[in-house]
Visitor: 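Input: one structure, supplied below.
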2 protein chains.
Amino acid sequence: MLNAERGKEPGMNNRSKGSKVSRISEAEWEVLSVLWSKAPRTANEVVEALADLTDWKPNTIKTLLTRLVKKNVVGFREEKRVYSYFPLVGREECLRAENRFFLERVYGGALKPMLVSFLKDETLTAEEIEELKRLLDRRD
Amino acid sequence: MLNAERGKEPGMNNRSKGSKVSRISEAEWEVLSVLWSKAPRTANEVVEALADLTDWKPNTIKTLLTRLVKKNVVGFREEKRVYSYFPLVGREECLRAENRFFLERVYGGALKPMLVSFLKDETLTAEEIEELKRLLDRRD
DNA sequence: TGCCTGAAACTACAAGTGTAGTCGGAAAAC
DNA sequence: GTTTTCCGACTACACTTGTAGTTTCAGGCA
């Protein structure tokens, strides 16, 4: 049990101004997701969890875990010569960061056009629509 | 299955499942955006349009234009030894692709949680909220 | 006619990513 | 106590991306 010095500089890109979190790549996100859903997990448990979703070789997944550790978004504990990994950053926090980044990059930060765009393209059930309207109401 | 090699052509990455459109990088997106806002434009006109938004050197922007051409998302016409560039793909189409990709990657394709997440984090004016509710109504 | 200029083409290069393979050493099995 | 087996550590390598610099060549200018 060690590691996890938040607030480092190298490996942090321009976009993360203010935020302390390095960018997480697509493949890394996938790995991190399984840790969010349940942690701690050993590397092999992560591999197993991803077996249905990807066809990555175990080494690939271990590399990704290592990179996540290096980015300080995942920590680990050694027990009996085997590592157990766990997230160091909350899912909510990361979602927010991804949200903002996407919104900025694709819609120049304009929320409503983005929402409109999604509402036009994707499908929702009647209940979901009701729930969203309720959510919008509560925001006034 | 997230990532299988699904017949990927060179210069086309995993995300372009099925679609023929290559991934557009962040910087490329910026360039493409100015072409969406007005086209055709010469390289220098694009450079000028981006001068306020970025501090990229002209060569950088020309490289990005060239890459967009190579990815078949931008075309050009030569007139009097100068190229005029224009988009070959519609903004709407690209937005849809980005939307879907983001939704899939970050929210596993679940639209409502994504919307909820945005609504929780970001701010909207009263009118925007009204407009969104109207949009939700029209969707039944 | 030869030179300068400006545009496109070509080259560069480090960091990050996807995607593993190989090495070295401890622990388990004989 | 050797051998085998795992596991993490280290190495690999091509492709993409950000971010330009350098070369070349046609056309205009002197």
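Just so it is clear: chains get the letters A, B, ... in the order the sequence lines come, proteins before strands, and each one is counted from 1.
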Visitor: Can you tell me which nucleotide in D/dC7, C/dT17, C/dG18 comes closest to the side chain of A/Arg23?
Guide: C/dT17
Visitor: Take atom CD of A/Glu26 and atom C1' of D/dC15, then tell me their distance rounded to the nearest Å.
Guide: 14 Å
Visitor: Under the 3.5 Å rule, do the base of D/dT19 and the side chain of B/Asn59 count as making a donor-acceptor pair?
Guide: no
Visitor: Could you tell me the separation between the CG atom of A/Leu68 and the P atom of C/dT19, rounded to a whole number of Å?
Guide: 15 Å
Visitor: Quick one: does B/Glu98's side chain have a donor or acceptor within less than 3.5 Å of a partner on B/Leu95's backbone?
Guide: no
Visitor: Heavy atoms from C-beta onward define the side chain here; which of C/dA8, C/dT19, D/dG18 lies closest to that of B/Arg67?
Guide: D/dG18
Visitor: For D/dC15, does either OP1 or OP2 sit under 4.0 Å from a side-chain N or O belonging to B/Lys71?
Guide: no
Visitor: Give a yes/no answer on whether the side chain of B/Ser25 brings an N or O atom under 4.0 Å of OP1 or OP2 in D/dG18.
Guide: yes
Visitor: Nearest of C/dA7, D/dT19, C/dA20 to any side-chain atom of A/Trp56?
Guide: C/dA20
Visitor: Would you kindly give the CG-to-C1' distance between A/Asn44 and D/dT5, to the nearest whole Å?
Guide: 13 Å
Visitor: Salt bridge check, A/Asp137 against B/Lys133: does any charged N sit closer than 4.0 Å to a carboxylate O?
Guide: yes
Visitor: With sugar-phosphate meaning primed atoms plus P, OP1 and OP2, does B/Thr63 contact a base, only sugar-phosphate, or nothing at under 4.0 Å between heavy atoms?
Guide: base
Visitor: In whole angstrom, give the distance that lies between atom NZ of B/Lys62 and atom C1' of C/dT11.
Guide: 16 Å
Visitor: Do B/Asn99 and A/Tyr107 meet the criterion of a side-chain donor-acceptor pair at a distance under 3.5 Å?
Guide: yes
Visitor: With no hydrogens and no angle check, is any side-chain donor or acceptor of A/Ser117 less than 3.5 Å from a backbone partner on A/Pro113?
Guide: no
Visitor: Quick one: list whatever passes salt bridge (Lys or Arg N to Asp or Glu O under 4.0 Å) with A/Glu92, sequence neighbours left out.
Guide: none
Visitor: Test the B/Arg41-B/Tyr83 pair against the cation-pi criterion, namely NZ or CZ under 6.0 angstrom from the six-membered ring centroid and within 45° of the ring axis.
Guide: no
Visitor: Counting primed atoms plus P, OP1 and OP2 as sugar-phosphate and everything else as base, spell out the protein contacts along nucleotides 24-30 of chain C at 4.0 Å heavy-atom distance: B, S or - for each nucleotide, 5' to 3'.
Guide: --SSS--
Visitor: Atom CD1 of B/Ile61 and atom C1' of D/dA20: how far apart are they, to the nearest Å?
Guide: 11 Å
Visitor: Rounded to the Å, how far apart are A/Lys70 NZ and C/dG16 C1'?
Guide: 12 Å
Visitor: Would one find a side-chain N or O of B/Lys57 under 4.0 angstrom from OP1 or OP2 of D/dT19?
Guide: no
Visitor: Could you please spell out the steps behind the salt bridge (charged side-chain N to carboxylate O under 4.0 Å, His left out) verdict for B/Glu28 and B/Lys71?
Guide: CA-CA 10 Å; B/Glu28 286 162 2; B/Lys71 289 182 177 183; 2.7 Å; yes
Visitor: Figure out the CD/C1' separation between B/Glu78 and D/dG27, and round it to whole Å.
Guide: 13 Å
Visitor: Taking the side chain of A/Val82 as heavy atoms from C-beta outward, which of D/dG8, D/dT17, D/dT19 is closest to it?
Guide: D/dG8
Visitor: Please report, rounded to the nearest Å, how far the P atom of C/dA7 is from the CD atom of B/Glu45.
Guide: 11 Å
